[in-house]
Amino acid sequence: MILHILNRPPSTSLVYREALAAMGSTDRLLLIEDGVLGALTSQVRHFQQVGDRLFALREDLVARGLDGQCDASVQVVDVDGFVTLTEEADKTVSWF
Amino acid sequence: MILHILNRPPSTSLVYREALAAMGSTDRLLLIEDGVLGALTSQVRHFQQVGDRLFALREDLVARGLDGQCDASVQVVDVDGFVTLTEEADKTVSWF
Amino acid sequence: MTTPVPVEGDLLVILRHSPHGSSWLREGLDAALVAAAFGQSVTLLFMANGVLALAKGQQAGPLGQKGTAATMDMLAMYDIESLFVANDALAEFGLAQQDLMLPAAGLEAEAIAELMAGHRQILTF
Amino acid sequence: MTTPVPVEGDLLVILRHSPHGSSWLREGLDAALVAAAFGQSVTLLFMANGVLALAKGQQAGPLGQKGTAATMDMLAMYDIESLFVANDALAEFGLAQQDLMLPAAGLEAEAIAELMAGHRQILTF
Amino acid sequence: MRYGLLVKGAPYSSQAAHSALRFASALLARGHRLERVFFYHDGVFNAARLAAPPQDEPHLYDAWCALNAKHGTQLQVCIAAALRRGMLDAREADRHGKSGHCVEPPFELTGLGQLIDLGQEVDRLVTFAP
Amino acid sequence: MRYGLLVKGAPYSSQAAHSALRFASALLARGHRLERVFFYHDGVFNAARLAAPPQDEPHLYDAWCALNAKHGTQLQVCIAAALRRGMLDAREADRHGKSGHCVEPPFELTGLGQLIDLGQEVDRLVTFAP
């Protein structure tokens, strides 16, 4: 299982499509930095195929004042949870 | 008349939409650097609304080996032509 | 709220990047503040991800990065009160006027070109 | 041409940026060459704008920037012969196999995950 | 006409500096004047005096200096953007109690006000970004 | 577990360095070991020893140095990426006939082979890009 890490928002960058194309059926996707914009209810449709394997970094949502608008389908993790996700994955791949 | 300058390709970046939204009816759009990918016949549909006010920088096409695939609807200019475009415009705006 | 577009101004600063992820937003705001301090009439247009600069509740980052909310609060002090926000970008993020930390006039896409034509100079960030 | 995906390899380098516009492509190729020189088995995957690294007829830039075509020609010398290209990106740019400067096996999107799983390490550029 | 350039990209990482230098020679060849290049954001790294690119690549730092020497174009670097990124000239290094410096003439650290001035002063300001 | 980080973003311009430092402290707090941070692309600018950010911003350069001092994490900078961007240590400055230097210990200029080594050596390599 691979942890994919995406730091670009789907509102202006199509890099998320590259990440989605590369994801295996058990891989996970973590949204960080400006990537967390994709976790908003208004944006999360772009990640529909990821199902319950979609994560977002809490402190990047909080700093932007967006934690209240994060979609319920997204698993919000703190930075400890980020480390745990890397522990649980065989390897990580960053998309930027 | 404003000269808009775009250096991102529509294949991976949606910044071109910002440029299009900002263009007045006589404004011109020049594609430079990786932006010239948008001038290819396979990509130029993204700029349909610009009509005959779409330009691309020749040397950026040539360096990438893409000058033969530039769409006939695009006016290809050399760097002298780039300067001329800035002379003819009231001001320039760069989108990146 | 959609208001008439001002047809004159020295400098239009277009802010297209969200807070915290890069320095573009802060650097654009700094340019606006300096221009205002130099006596120029400055207009701000928030578009694309830049509309998130107006989101309420922004905080410092985990390392103490201060972000841009405090700078936004300084705009009025520098007499930068001509703020516009692209309606389509607000809608894309599910934001309404009451979600914004500062009043900014909503702008339809068609009015952006008019705003640009009305300013002597334009800087994009 | 779509070939079976190799299931093993030390390093997969994913190249997603086109030549000349940034240093990403060159830096990714350099990493691949160094890994090969260190005896690792290296696979390259060209996807998104990165497929343009394979376009024929690339030239130096106007200031003499040499681009990456010469580095591409060195891959075989370093025994990097496992090259893949994303079919969807080729199609997006209207390119066919005969337009490529080097032979690269076309890969359907579904096969990319398999390629990634088969390599111990992955670097994206 | 009088031109000014705003460069926001680091050297070699993006094509911004290459494009700006290329545009500069073209406008000068057409008889225009290039008053000033202002470096902002990662563009400040163009002022790194120790740049040692490979022999077969364009030497961007030297090209900027040649622009200044031949055409009198000012090379001004936003001081706030430069300080945080470690691009200090001798005076700022001294002021911050550090020995050595990264930036020296013809590049000069100046306030952002010089960018605003430039916009007012020239007929055309063209931005090259990463 | 043993971790390595690959940092590709310039300090302050993007969040890459902030994110990497934050992730570093979290993994260390969980009892893992951080062997090395490798700086590539614009990440090499993190090694600029003269960085003087505003008092109210995190001091990224000092944070990297503290990581080395407290946890023995190596800070390695791709020499090819650094040289073209003007990030020379004393030895390279000397070799190129330039006075002064931008990079000093605990940062060290090394070949790209060290990144490949790192990937083989550690259990997890995590990339932070601009």
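All chains are named by letter (A, B, ...) in the order of the sequence lines, taking the proteins before the strands, and each is independently numbered beginning at 1. Not measured: the values here are computed from a predicted model.
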Within-4.5 Å side-chain heavy-atom neighbours: [X] and [Y]:
{"X": "C/L123", "Y": "C/F125", "answer": "yes"}
{"X": "C/I122", "Y": "C/I14", "answer": "yes"}
{"X": "C/L54", "Y": "C/L90", "answer": "no"}

Exercise for the section: Could you walk me through whether C/F84 and C/F46 pass ring pair (Phe, Tyr, Trp, His ring centres under 6.0 Å), step by step? Expected result: CA-CA 6 Å; C/F84 292 89; C/F46 298 87; 10.0 Å; no
Practice task
Mind running side-chain contact (heavy atoms from CB on, under 4.5 Å) on F/F23 and F/L5 for me, showing each step along the way?
Solution key: CA-CA 9 Å; F/F23 184 77; F/L5 302 184; 3.8 Å; yes
Handout entry: For C/L44, the option from C/I80, C/L102, C/V85 that meets side chain to side chain contact (heavy atoms under 4.5 Å, CB included)
Key =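 In the set C/I80, C/L102, C/V85, the residue that makes a side chain to side chain contact (heavy atoms under 4.5 Å, CB included) with C/L44 is C/I80.
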For chain F against chain C, give me the donor-acceptor pairs closer than 3.5 Å, one per line with atom names and distance.
| residue | atom | partner | partner atom | Å |
| --- | --- | --- | --- | --- |
| C/G21 | O | F/Q15 | N | 3.1 |
| C/S23 | N | F/S13 | O | 2.9 |
| C/K66 | NZ | F/D56 | OD2 | 2.9 |

